[in-house]
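Encoded as structure tokens, the structure appears first; notes follow it.
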Amino acid sequence: MRMRAISRVSDGADFDMTADCLLCTSVTAQTTHGMEREMAEAVEAGAQIIELRLDFLANLNPARDLPKLVAACPVPAIVTFRPKWEGGHCEWPEDERLAVLAMAASMGVAFVDIELKAADKFFALRVRGRSPTKFIVSSHDFEKTLPTEELLGIATRGWEVGADVVKIANMAQDITEVRNVYDMIQAQEGKGPCIGLSMSECGQMSRILAPKFGSMLTFGALSQGKESAPGQPSLSSLAGMYRLGQQTRDTPVFGVIGNPVAHSRSPALHNAALAATSSEGCYVPLLVHHLEPFLRAFDMPTFQGYSVTIPHKEAALRCCKEVDPVAARIGAVNTLVRQPDGSLKGYNTDWLAAIEAIEQGLGGGEGALAGRRVVVLGAGGAGRALAFGALARGAASVVIANRSLDRAQALAEAVGCEAAALEEVAAGKVRGDVLANTTAVGMHPHDNASPVPAEALPAFSLVFDAVYTPLETVLLKEAAAAGCVVVSGLEMFVGQAAAQFKLFTGKEAPLDVMRQSVLDSIKEQ
């Protein structure tokens with residue numbers, strides 16, 4: 001599927017119902033003037049079709065406002081007057097609401113959206129055949145995702161009542177539920193155009209990969225705060241970073257698996273690298289609560305590789321048929337790559353990237369850690385990788401410090417180093433040459449936190465923070481004030497991603513492009 005340019009069409013005449021996935025936005029201003037302004041912004045940002053959400057208008061006068069809005073719309077329009085009982089704002093009497101939609105159809109707008117629950121009553125108004133308008137019959141569930149069989153039943157009812165397009169949007173409580181929507185869309189092939197969307201951050205993949213899934217269109221928000229439904233990415237990110245117009249059913253999918261994951265700059269970095277190297281693929285954020293069920297749900301050949309972050313790095317090890325020897329020794333995997341037989345192979349690219357960043361901070365390359373004492377905060381996958389790497393590069397000793405001493409002791413025993421409670425570091429009882437934070441403390445949006453107090457930092461000569469959003473964490477600010485050399489997580493992040501990119505694509509990573517994409521995305525935050 002390829003997105004195409006669409007000339008100005010205010011009505012449904014000659015509208016290509018077999019066209020590729022379209023990029024749509026909903027204009028939701030409270031005045032017609034505001035909607036006209038949003039329409040212009042939307043087209044500038046790449047929208048190819050615009051949904052006029054009449055239920056957002058504060059004082060709608062259909063006879064006055066509808067012709068004005070349709071005439072001002074520079075691309076095909078969907079007219080929607082969503083009732084409160086279907087998640088909208090309209091509280092008009094139903095007969096009056098349906099009359100407004102019938103008026104839009106009589107004007108020949110490209111599409112009118114009518115809710116499945118109201119479709120029989122609407123079509124009884126004999127709106128069909130009076131104009132070239134096409135009818136989207138829609139169903140929304142803002143609480144849950146229905147089982148696939150029930151979604152198929154809703155789609156069937158949509159076709160039966162006279163839909164030209166069936167639209168189903170369900171709230172995803174778990175990313176595995178996106179598979180239900182995907183299967184529903186696939187089953188509509190040959191019946192007619194279908195729009196299938198999973199709402200919420202868990203369902204964001206369905207919006208980003210809409211062309212691959214086979215959806216007729218996907219919705220992007222004009223900007224943050226202007227989303228018309230939960231989980232909408234921005235228009236600009238769909239058209240730009242996610243290269244919606246270049247996706248096909250066969251597009252390879254890569255992504256970052258984590259919880260949380262919204263802060264991740266991996267999509268910006270990897271998609272920029274894919275574009276710079278003319279590589280096929282789309283890299284998406286994947287909010288995953290439980291790793292194994294997700295991997296089972298999307299055990300598909302085109303889902304080719306994943307970056308794995310907090311808290312799934314150790315679980316990822318158990319999901320692999322084969323594990324790289326270094327990753328096996330570390331006991332944590334941050335990269336999963338689909339093999340020719342469909343299985344997943346695990347790698348760890350964290351350790352070398354982190355260690356090289358620290359070694360550069362110490363003023364040297366390999367060997368700069370020799371004879372040094374390294375204190376690692378955190379006993380998760382990243383902590384495992386850094387402890388392993390420090391010992392492998394000649395550190396005299398490594399201490400794992402964690403809130404849970406039992407967990408620190410278990411990791412220390414596995415790696416062959418010391419363990420301490422985090423409180424001991426905070427109290428200045430544990431000292432060393434290098435302090436390395438691998439916890440999520442200080443990560444956006446909790447920017448004001450630090451894993452240890454400022455008073456503990458003079459005990460170290462270098463402080464490294466794996467957190468890279470923000471670039472300058474509270475820990476690093478206080479460490480610099482204490483006279484320590486500071487190393488941000490940016491170089492580790494870029495380094496580990498570059499190694500992943502080569503595993504995903506077989507190509508050398510464009511390091512400068514990757515680094516700049518991260519910096520740009522942080523500035524845009």
Side-chain angles (χ1 to χ4, degrees), residues 175-176 178-179 182 204-205 208-209 212-213 241-243 246-259 261 264-288 291-310 312-328 330 332-353 381-382 385 493-511 513-514 517-518:
I175 196 168
T176 56
V178 177
R179 181 61 192 260
Y182 172 84
Q204 199 171 63
M205 171 172 59
I208 296 170
L209 298 176
K212 179 178 179 64
F213 279 24
M241 178 167 65
Y242 295 116
R243 298 191 292 170
Q246 296 182 38
Q247 289 184 37
T248 71
R249 297 290 183 98
D250 298 322
T251 292
V253 176
F254 308 98
V256 53
I257 294 171
N259 184 13
V261 78
S264 177
R265 297 298 180 266
S266 291
L269 175 152
H270 279 281
N271 283 312
L274 288 167
T277 56
S278 300
S279 300
E280 281 193 274
C282 184
Y283 186 105
V284 298
L286 301 165
L287 176 61
V288 173
L291 183 59
E292 288 188 57
F294 164 73
L295 294 175
R296 285 197 302 270
F298 290 93
D299 184 12
M300 304 176 181
T302 56
F303 280 67
Q304 292 186 0
Y306 305 104
S307 309
V308 183
T309 188
I310 296 171
H312 298 301
K313 293 183 180 183
E314 292 169 76
L317 185 73
R318 300 189 293 271
C319 296
C320 299
K321 181 179 178 181
E322 183 182 359
V323 180
D324 177 77
V326 174
I330 293 171
V333 159
N334 80 322
T335 311
L336 296 170
V337 180
R338 184 83 58 193
Q339 300 301 294
D341 66 356
S343 66
L344 294 170
K345 182 174 181 179
Y347 299 84
N348 192 303
T349 66
D350 277 337
W351 79 272
L352 187 57
F493 177 60
V494 172
Q496 60 83 31
Q500 289 179 333
F501 184 83
K502 187 167 185 179
L503 290 169
F504 292 155
T505 67
K507 299 179 181 180
E508 293 297 328
L511 287 171
V513 170
M514 295 176 108
S517 70
V518 177

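In this text, all values refer to a predicted model and were calculated from it rather than measured experimentally.
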Is the shortest heavy-atom distance from the side chain of [X] to the side chain of [Y] under 4.5 Å?
X      : Y      : value
Val337 : Leu344 : no
Leu336 : Leu295 : yes
Val253 : Gln304 : no
Val288 : Asn259 : no
Leu274 : Arg243 : yes
Met205 : Leu287 : no
Ile208 : Pro285 : yes
Glu322 : Ser343 : no

Kindly give the heavy-atom pair with the smallest separation between [X] and [Y], and that separation in Å.
X      : Y      : answer
Pro267 : Tyr283 : CA-CD2, 3.5 Å
Ala315 : Leu291 : C-CD2, 3.8 Å
Val333 : Asn348 : N-ND2, 4.3 Å
Cys282 : Thr251 : N-CG2, 3.9 Å
Ala273 : Val513 : N-CG1, 4.4 Å
Glu280 : Pro252 : CB-CD, 3.9 Å

Rounded to the nearest 0.5 Å, how far apart are [atom1] of [X] and [atom2] of [Y]?
X      : Y      : atom1 : atom2 : answer
Cys319 : Glu314 : SG    : CD    : 12.5 Å
Leu317 : Ile330 : CG    : CD1   : 10.0 Å
Phe254 : Leu286 : CZ    : CG    : 12.5 Å

Go through the steps for His270 and Met241 under the test side-chain contact (heavy atoms from CB on, under 4.5 Å), then give the verdict. CA-CA 9 Å; His270 279 281; Met241 178 167 65; over 6 Å; no
Return the set of residues passing ring pair (Phe, Tyr, Trp, His ring centres under 6.0 Å) with Phe303 (not counting sequence neighbours), or none when no residue passes.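 With neighbours one apart ignored, the set is Phe298.
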Non-neighbouring partners of Glu292 that pass side chain to side chain donor-acceptor pair (under 3.5 Å), sequence neighbours left out: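 Glu292 satisfies side chain to side chain donor-acceptor pair (under 3.5 Å) with no residue once adjacent residues are dropped.
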In chain order, what residues pass the side chain to side chain donor-acceptor pair (under 3.5 Å) check against Thr309, with sequence neighbours excluded?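 Side chain to side chain donor-acceptor pair (under 3.5 Å) check on Thr309 returns nothing, list empty.
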How far apart are the C-alpha atoms of Asp350 and Lys313, what are their side-chain angles, what is the distance that settles it, and do they pass the side-chain contact (heavy atoms from CB on, under 4.5 Å) test? CA-CA 11 Å; Asp350 277 337; Lys313 293 183 180 183; 2.6 Å; yes
Partner residues of Asp250 under the salt bridge (Lys or Arg N to Asp or Glu O under 4.0 Å) criterion, sequence neighbours left out: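 If we apply the salt bridge (Lys or Arg N to Asp or Glu O under 4.0 Å) test to Asp250, skipping adjacent residues, there are no hits.
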Mind jotting down which residue pairs meet the salt bridge (Lys or Arg N to Asp or Glu O under 4.0 Å) criterion with at least one end in residues 332-342? Sequence neighbours excluded, please.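 Listed by first then second residue: Asp299-Arg338, Lys321-Asp341.
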All N/O donor-acceptor pairs, side-chain side in residues 494-507, below 3.5 Å, sequence neighbours left out:
from   : atom 1 : to     : atom 2 : distance (Å)
Gln496 : OE1    : Asn334 : ND2    : 3.3
Gln496 : OE1    : Gln500 : NE2    : 3.3
Gln496 : NE2    : Phe493 : O      : 2.9
Gln500 : OE1    : Ser307 : OG     : 2.9
Gln500 : NE2    : Asn334 : O      : 2.9
Gln500 : NE2    : Thr335 : OG1    : 3.1
Lys502 : NZ     : Glu508 : OE2    : 2.5
Thr505 : OG1    : Phe501 : O      : 2.8
Thr505 : OG1    : Lys507 : N      : 3.1
Lys507 : NZ     : Thr277 : O      : 3.0
Lys507 : NZ     : Ser279 : OG     : 2.8

Report yes or no: does Lys212 contribute a side-chain atom to a donor-acceptor pair with the main-chain N or O of Arg249 at less than 3.5 Å?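 Confirmed, Lys212 side chain pairs with Arg249 backbone.
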For the aromatic rings, using the six-membered ring if either is Trp, is the centroid distance between Phe294 and Tyr306 under 6.0 Å?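 Yes - the distance between ring centres of Phe294 and Tyr306 falls below the 6.0 Å cut-off.
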